[in-house]
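Down below is the structure, laid out as structure tokens.
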Amino acid sequence: MISLWSAVGRRAVRRPQAPVMCGLIALCCLIFLIGPASGLSPAYGSGDELLAVQRAYFRHWGVIPAELFEGSPRAALTPATALFVHGSWVHLLGNMLFLYVFGVMTEERMGRVEFTLFYVGCGYLALLGYAAANADSERSLVGASGAISAVLGAFLFLFPRARVTSLLPFLFFLPLRFPAWVVLPFWVALQWLAAGRASSGPGVAYLAHLVGFGLGFAYAWARYGRAARVKAAPAPAPEGENQP
């Protein structure tokens, strides 16, 4: 999910508290650390034994598209459980970075309960959409990318002018600041291009990113409307002058 690294400028918008977002990050990290994917616990063995345990773990908790639509109650729950399982350190840290950067302000705008339901619901539907497009696949799919992409979509609608600092690889990681309405559509374009080149089996679920982003943007548009958009805070007026 790391096509570019982004961080909302602290001077643009006040950074509030976000207990749900922090809890989601803590839960994902805890599940990863105690699971076999981290490779930290000797109880799971090493080498081929560890790889076998990891495959079984992902199949149990992840989405297997070929099994999802067979009517099994357990399989129907996997788009929810898969949101909290990650396949590698890079996968985990990339997702948590994006959630931390864009989740704080989105949670404050929505509120804790709504943000929780939004995150899980959009994440579930994003993985469901990916599974429907790859209905014959037997490979497992895990990760919170679909839910976090929904957060990005909602952020774009709610805070289109928030300043975002981006490190772009093709510009030698030179930090540049752009409004969200420039950075996030660019990210979507990268996901679209990558999805077009991706193989039919699950690897990086670019389609889930696109579905999640679309769901998040559509939800924010339907729920809040144009009047709910938050503009970046204006610069303070010089002493003795009034702001219009």
Side-chain angles (χ1 to χ4, degrees), residues 1-25 79 83 94-130 143-168 176-195 205-234:
M1 191 169 175
I2 307 180
S3 296
L4 68 160
W5 185 89
S6 306
V8 179
R10 292 177 181 271
R11 293 182 181 178
V13 183
R14 177 181 61 86
R15 196 161 186 83
Q17 299 297 316
V20 173
M21 185 271 307
C22 292
L24 289 170
I25 291 177
L83 294 177
N95 276 349
M96 295 306 100
L97 171 63
F98 271 75
L99 179 56
Y100 173 76
V101 168
F102 294 100
V104 178
M105 291 164 55
T106 306
E107 179 182 339
E108 185 189 48
R109 181 64 185 88
M110 290 185 176
R112 298 174 185 179
V113 174
E114 183 179 349
F115 180 77
T116 302
L117 296 175
F118 166 81
Y119 181 90
V120 175
C122 288
Y124 186 103
L125 293 175
L127 294 180
L128 190 67
Y130 181 89
S145 300
I148 296 169
S149 296
V151 174
L152 268 62
F155 186 96
L156 175 60
F157 182 84
L158 295 172
F159 310 101
R161 298 186 182 181
R163 304 298 293 182
V164 176
T165 301
S166 303
L167 298 180
L168 305 179
L176 300 173
R177 297 187 69 198
F178 301 101
W181 65 265
V182 172
V183 174
L184 293 178
F186 177 70
W187 176 86
V188 171
L190 292 178
Q191 305 307 299
W192 180 272
L193 293 173
Y206 296 109
L207 180 58
H209 300 177
L210 294 170
V211 173
F213 188 92
L215 288 170
F217 188 90
Y219 176 86
W221 175 78
R223 172 69 174 83
Y224 297 101
R226 293 180 58 86
R229 292 191 176 189
V230 177
K231 298 181 180 180

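Computation of the quantities below employed the complete heavy-atom set of this structure, encompassing side-chain atoms and omitting hydrogens, waters and symmetry-equivalent molecules.
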Exercise. How about V20 and Y119: do any of their side-chain heavy atoms sit closer than 4.5 Å?
Worked result: no
Exercise. So, do Y130 and V211 sit near enough that their side-chain heavy atoms are less than 4.5 Å apart?
Worked result: no
Seminar exercise, completed: SG (C22) and CG (L99) are apart, to the nearest 0.5 Å, by 9.0 Å
Problem set entry | From CG (L156) to CZ (F102), nearest 0.5 Å | 9.5 Å
Seminar exercise, completed: Heavy-atom nearest pair, N95 first then S145, reads OD1-OG, 3.2 Å
Problem set entry | Point-to-point distance, once rounded to the nearest 0.5 Å, from CG of L117 to CE of M110 | 10.5 Å
Problem set entry | Of all pairs that satisfy salt bridge (charged side-chain N to carboxylate O under 4.0 Å, His left out), the ones with a partner from residues 117-127, not counting sequence neighbours | none
For this session: Can you see which heavy atom on A220 is nearest to which on L158, and at what distance?
Result: CB-CG, 4.3 Å
Seminar exercise, completed: Scanning both residues in full, the closest heavy-atom pair of L127 with A208 reads CD2-CB, 4.4 Å
For this session: Return the set of residues passing side-chain contact (heavy atoms from CB on, under 4.5 Å) with L128 (not counting sequence neighbours), or none when no residue passes.
Result: L68, F69, Y124, L125
Exercise. Which atom pair, heavy atoms only, marks the closest approach of A18 to E107?
Worked result: CB-OE1, 3.1 Å
Problem set entry | For F118, all residues meeting ring-ring contact (aromatic ring centres under 6.0 Å, His included), sequence neighbours excluded | Y219
Exercise. Which atom pair, heavy atoms only, marks the closest approach of C122 to A150?
Worked result: CB-CB, 3.4 Å
Exercise. Where is the tightest heavy-atom contact between T106 and A154, given as atom of each residue plus distance?
Worked result: CG2-CB, 4.1 Å
For this session: Look at the rings of F155 and F159 and say which category their plane angle falls in: under 30° parallel, 30 to 60° tilted, over 60° perpendicular.
Result: tilted
For this session: Measure the spacing between CG of L24 and CD1 of I148 and express it to the nearest 0.5 Å.
Result: 8.5 Å
For this session: Enumerate the residue pairs fulfilling salt bridge (charged side-chain N to carboxylate O under 4.0 Å, His left out) with a member in residues 208-223, sequence neighbours excluded, ordered by first and then second residue.
Result: E114-R223
